[in-house]
Amino acid sequence: MKYISTRGRMEPVGFLDAVMTGLAPDGGLLLPESLPSFAKASAGRPNSGKTLDDLRGLSYQELAFEVMSLFIDDIPAEDLKALIEKSYSTFRTPDVTPVISVNGFHVLELWHGPTLAFKDVALQFLGNLFEYVLEKRGGELNILGATSGDTGSAAIYGVHGKKNIRIFIMHPKGRTSPVQEKQMTSVLDDNVFNLAVEGTFDDCQHLMKSIFSDVAFKTEHSLGSVNSVNWARVLAQIVYYFYAAFRVQENTGALKVQFSVPTGNFGDIMAGYIAAQMGLPVKKLILATNENNILSRFFNTGVYSMGEVVPTISPSMDIQVASNFERYLYYRVGQDAVKLCEQMDSFAKNKTLTVNGTDDLFAAGEANTVQTLVMIKKCYETESYILDPHTAVGVAVAERFQSSEAPTICLATAHPAKFNEAIQQAIGTAAHHPALDKLANAETRCDTIANDEATVREYLIAKT
Ligand SMILES: *Cc1c(COP(=O)(O)O)cnc(C)c1O
């Protein structure tokens with residue numbers, strides 16, 4: 001499988017190069033040249049050689065191998081199997097992403113990984129993949145990232161202790177939740193560097209982008225990125241859409257399912273879109289946002305226009321420009337790179353773009369803070385089950401799009417104990433998880449650093 005850029009100005013590359021590249025040199029995002037399918041072969045759609053029925057009985061890891069190997073032809077099968085085994089052995093439950101029943105919905109718990117958020121599903125795999133590539137090709141990698149919370153700790157847990165990899169994560173000093181900060185700074189391996197920047201999350205992101213735009217510096221210091229534009233992250237997430245649909249079909253006999261996905265950067269739901277293109281029988285992908293609703297507005301009006309970011313109780317979705325949206329847009333404009341470039345140029349200039357027509361696969365809505373708190377309370381009172389605030393946004397929006405023929409699977413993206421301020425507000429008591437309770441007295445390491453690019457560069461030079 002070769003990978004192309006959405007902007008059409010890159011020679012196609014193999015999977016491993018796509019992973020190491022991250023963002024395409026022409027500024028686009030990488031996508032597979034064609035999407036393999038488990039349904040009948042059709043023009044331009046290679047059949048995978050397997051059908052959905054061949055996959056139903058597989059374990060999570062076996063299924064991951066079948067799905068991923070359609071997109072990867074430069075890792076030998078045995079190596080890929082080993083990478084998958086290793087990546088999901090750190091999860092706290094053998095079925096990796098279990099599906100349970102709550103409030104008439106099926107909840108897909110994606111938070112059984114080391115940092116209790118769904119990002120572990122992709123970042124455990126990506127960390128092992130980086131290590132694998134460096135073993136094969138030599139060299140080293142210095143990951144530089146900015147985080148408002150969840151991504152940083154999942155990325156750190158993905159690579160801590162790995163040879164030839166260092167990770168530098170910048171977070172806004174004193175502005176992430178105490179739990180999130182503890183999760184990051186309590187990882188004491190020599191290759192982990194936590195930088196508390198005296199500034200906001202936007203400052204951190206600005207520092208990162210500015211340093212990455214200096215190609216000479218980036219090359220000289222082997223800088224790499226773990227953000228959600230990396231194709232391997234989307235790929236790893238495709239697997240659980242299949243896994244969850246099979247579990248719910250076994251239980252209900254339904255022919256089709258729906259997914260409700262709490263959305264920020266459009267990475268998670270992009271994986272669902274690809275699963276549907278591969279032949280998974282999805283009636284609707286329900287896109288759920290908080291008050292930062294650029295994406296739900298888009299799917300309801302065709303206009304994608306940037307607003308101001310407002311802080312909410314579901315902070316990992318407090319995003320206005322969704323970095324993965326370009327991948328979807330590429331398909332939406334008929335895989336036409338010229339049209340895609342026009343749209344992205346329009347957005348860069350005017351902070352708005354418009355697409356004609358609709359996409360029947362999607363339904364979209366927003367749940368505000370009050371609706372989110374009410375949903376957490378309702379599930380707690382009726383089922384003694386605590387939804388994290390991101391998941392609750394998805395469940396609240398899903399209630400509006402129930403279908404009698406297609407059961408709805410709500411993606412649970414974090415354990416509630418990561419967001420206890422919201423949980424306290426909703427139900428008057430805190431959620432607990434032993435892994436987080438244990439952190440209370442953990443030793444931590446973190447360097448405070450000025451919000452200044454030259455200082456960050458000096459730091460990187462000194463440590464690499
Ligand atoms: C990152 C994150 C999201 C949003 O996922 P995207 O792929 O950015 O749409 C939702 N919930 C939680 C808990 C997250 O950490």
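Note that the coordinates shown come from a computational prediction; the quantities given were computed from them, not determined experimentally. For this chain, numbers begin at 1 and follow the sequence in order. Order of listing sets the numbers, starting from 1, for every ligand and every atom in it.
Residues Trp111 and Phe118 keep their aromatic ring centres 6.0 Å or farther apart.
Using a 30° and 60° split on the angle between ring planes, Tyr328 and Phe299 fall in the tilted class, from 30° to 60°.
For the salt bridge (Lys or Arg N to Asp or Glu O under 4.0 Å) test, residues two or more places apart in sequence or in another chain that qualify with Glu326 are Arg7. With sequence neighbours excluded, the residues forming a side-chain hydrogen bond (donor to acceptor under 3.5 Å, both in side chains) with Thr200 are Asp203, listed by chain and number.
Residues with a heavy atom under 4.0 Å from ligand 1: Phe118, Lys119, Asp150, Pro262, Thr263, Gly264, Asn265, Phe266, Gly267, Asp268, Ser316, Met317, His390, Thr413, Ala414.
Residue pairs meeting the side chain to side chain donor-acceptor pair (under 3.5 Å) criterion with at least one partner in residues 417-438, sequence neighbours excluded, are Asp150-Lys418, Gln183-Lys418, His432-Asp437.
Proximity of Gln180 to Phe419: side-chain heavy atoms (C-beta onward) are separated by under 4.5 Å at one or more points.
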